[in-house]
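Throughout, protein chains are lettered first and strands after them, A, B, ... in sequence-line order, and every chain is numbered starting at 1. Keep in mind it's a predicted model, so treat the numbers as computed, not measured.
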Amino acid sequence: MSGQAGLSFLEAHRIVTEFQGGPELRFLFALSGTPDPFLLYLQAEAAQRGRTAQVSFLPFNTLQQHLVATSPESPEVFLLFPWDFLPESDWRTGIPASRVPLDAALEQSRRTADLLRRRPEAAFVYVAAPMPPVTGLPAADQSLSHALESLAASLGAELVDPTAFSLPSYLANGCPIGGNGLGRVAEHCVRGLVAAPRGPAKVLVTDLDETLWGGLVAEEGPDGIAFGPQGPGYRHYIYQTMLGRLRGEGVLLAAVSRNDAEVVLAPFRAGRMAVREDDFVAIIASYHAKSAQIAALAEQLNLGLDAFVYVDDNPVELAEIGAALPQVTALAFPGREEELPAFLRRLSSLFVRTEVTQEDRERTELYRRRAEGMAPSAAQGADLTQFLAGLEMRLVLQDRSQGDRARAVQLINKTNQFNANGRRWSDEEVAELLSSGGRLFTASLLDRTGSHGEILACLIGPEQTIEALVMSCRVFQRRVEFGFFGALAAREVWPAAVRFSETERNEPFRRFLADPAFSNGSGEVRSFDGREFARRHQDALRLFEVSWG
Amino acid sequence: MTDKLDAIFRVVFKLPTGAPVAHLAQGADAAWDSLAHTLLIAGVESEFGIAIDPADSMELTSYSAMAEYLARQGT
């Protein structure tokens, strides 16, 4: 059950106004009360998932008729309250003239639940709102309330904090949710709809860093990440044990990561995690878009994308999947322990198995053989340009040649992947270079999801050669490096060269260095043509609003 | 407070940025029907983190009444 705040009215309006459009998400929002105040929030929640909502409503107070008289023509999300199961408990009709016996109330409620169960593709959200005294006996009323909640849960409904219900609003205008709760309830509804099962899912694809384990394995190493049943690893340990159970029931597990294969395999091969490498049909490590990795996996396994569930902690990755592969059910891995129960309930509901056969238990091995020999995905990334444009990225460049440079030095000394040469610099060495005419620049990235902080550092020597260039792996695939170099190229004097050295882990930088604006060759110093760079990457540069801080 | 309230009115009545809203009142504006009133109340509750009693809601029939109400709430 969740009680977090959702979008506010003006936030929702801003999101809808700025949204550039995406695949249609057509659905019926089935509510027995006044639905209109939800519209803006439903549109905003869909937009946040890269979808354009096309919402239809039921006429006021016709939910029961709808259930009896119609078959679903489009996806549906039902926002349910106790009086949808038992009309006698509706505040707007007053207290029943005579007491309703508990047995009769339960029987009536089960009949409604049976009608709802005939819509297996619908999503259900239930608000266990307080009820008026229906049975006349406080203990029976309480039992009834619990029974209704259980009935809703048996439908797979997501349960919403009862405080979302607003009796004043319901009595004043028929909308059972007040202005303060519309955002969070709409979030539940759209999330439930997007994640609504189309038959049990078959494949669970998981992100690795900050999801299967805590921390970034490329930066902290296999010994620095957290996955054990203690401290910061507990959340990830519980998730891993859940994956183990699903795997035993025949669910195929796969992992995708923007990383080098050997780096992500190291924690599996250390043998200390609750899941093992051979629990997975594929562990894909590449620097392509995750949507491309998942699409390639679906092709390899010969399974439809609607059989896939994807779990990631990063909202941007989830949005990318939502935009590129709307058939895939994307779930956010919880950032806090208190969100874990709801997450696991949802995950469990997507992989319902009434019976587990021997074939189910052996399925992973069967598919592993099918996927055998699958190289790290070489699939071309989906066209990210449109998606990235929708992120409204802002790159704020700072000249750190004077003043505080602690974060820049820290970045230079902890970043492995997008790192021009792997050299570590002490603060004294940086100070010495700067005092001899060098420059230190950093870049911070902001987008519509918030700030990513200072994510790039570039140390330039007095001869205009870049001596250190690093970028956090958190912003891979954003084309930040192109934005940054474009901004440098726009200055009167741009860096003449980059000092490059191949390291075990700097494959992402090597890919960037392959750009024709850098000279080929085997030497350490690779020249840079800023004019050529700007000419070649106008599309990428347009993704950013660049400013100097 | 005024900026937010102005923005809510502009969204509900589909007015462009910067359009004046202080003169708006139920009865004087055809667009201020019961649905618009519901949306206004919900928008104000959301943005100012308050719950408006139905009796108060019925009195909030103009921009100025809404602004005065919010001032009394200390928002």
Side-chain angles (χ1 to χ4, degrees), chain A residues 3-19 29 31 33-45 47 55 57 59-61 79 91-92 129-130 161-187, chain B residues 1-22 24 26-27 29-63 65-67 69-75:
Chain A
Q4 299 109 354
L7 294 172
S8 78
F9 179 80
L10 292 175
E11 282 171 343
H13 178 257
R14 180 185 58 77
I15 289 167
V16 171
T17 306
E18 294 177 357
F19 182 49
F29 179 66
L31 172 73
T34 302
D36 306 79
F38 282 96
L39 180 60
L40 180 65
Y41 297 91
L42 294 169
Q43 291 172 329
E45 288 295 336
V55 191
F57 295 137
F60 187 80
N61 212 12
L79 177 56
W91 290 99
R92 287 178 65 92
D161 184 344
T163 61
F165 173 65
S166 166
L167 187 58
S169 172
Y170 192 43
L171 297 180
N173 57 50
C175 184
I177 305 294
N180 288 312
L182 289 166
R184 66 179 144 132
V185 174
E187 181 186 352
Chain B
M1 181 268 276
T2 311
D3 287 350
K4 268 191 186 177
L5 187 60
D6 289 4
I8 294 166
F9 269 78
R10 290 189 190 109
V11 172
V12 171
F13 293 110
K14 300 182 171 59
L15 298 172
T17 308
V21 291
L24 292 170
Q26 198 169 29
D29 294 277
W32 193 324
D33 57 13
S34 60
L35 175 58
H37 191 72
T38 298
L39 297 179
L40 272 176
I41 296 295
V44 168
E45 286 185 332
S46 167
E47 285 303 324
F48 294 98
I50 56 174
I52 301 176
D53 190 80
D56 289 333
S57 164
M58 292 177 67
E59 304 294 323
L60 302 177
T61 54
S62 67
Y63 175 91
M66 201 83 86
Y69 173 83
L70 288 172
R72 284 200 304 277
Q73 301 297 313
T75 60

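Neither the backbone nor the side chain of A/Ser166 has a heavy atom closer than 4.5 Å to any heavy atom of chain B. Heavy atoms of A/Leu10 lying under 4.5 Å from chain B belong to its backbone as well as its side chain. Only the side chain of A/Tyr41 comes within less than 4.5 Å of a heavy atom of chain B; its backbone N, CA, C and O stay farther away. For B/Leu35, the part sitting under 4.5 Å from any heavy atom of chain A is the side chain, from C-beta outward, and nothing else.
Considering only heavy-atom pairs separated by less than 4.5 Å from chain A, the leading option among B/Ile8, B/Ile52, B/Asp53 is B/Ile8. When the candidates B/Pro54, B/Ala7, B/Ser46, B/Ser57 are compared by the number of heavy-atom contacts under 4.5 Å with chain A, B/Ser46 comes out ahead.
Closest heavy-atom contact between A/Glu11 and B/Glu47: N-OE2, 4.1 Å.
Listed by sequence position, B/Thr38, B/Leu39, B/Ala42, B/Gly43, B/Glu45 are the residues of residues 37-45 of chain B in contact with chain A, using a 4.5 angstrom heavy-atom cutoff.
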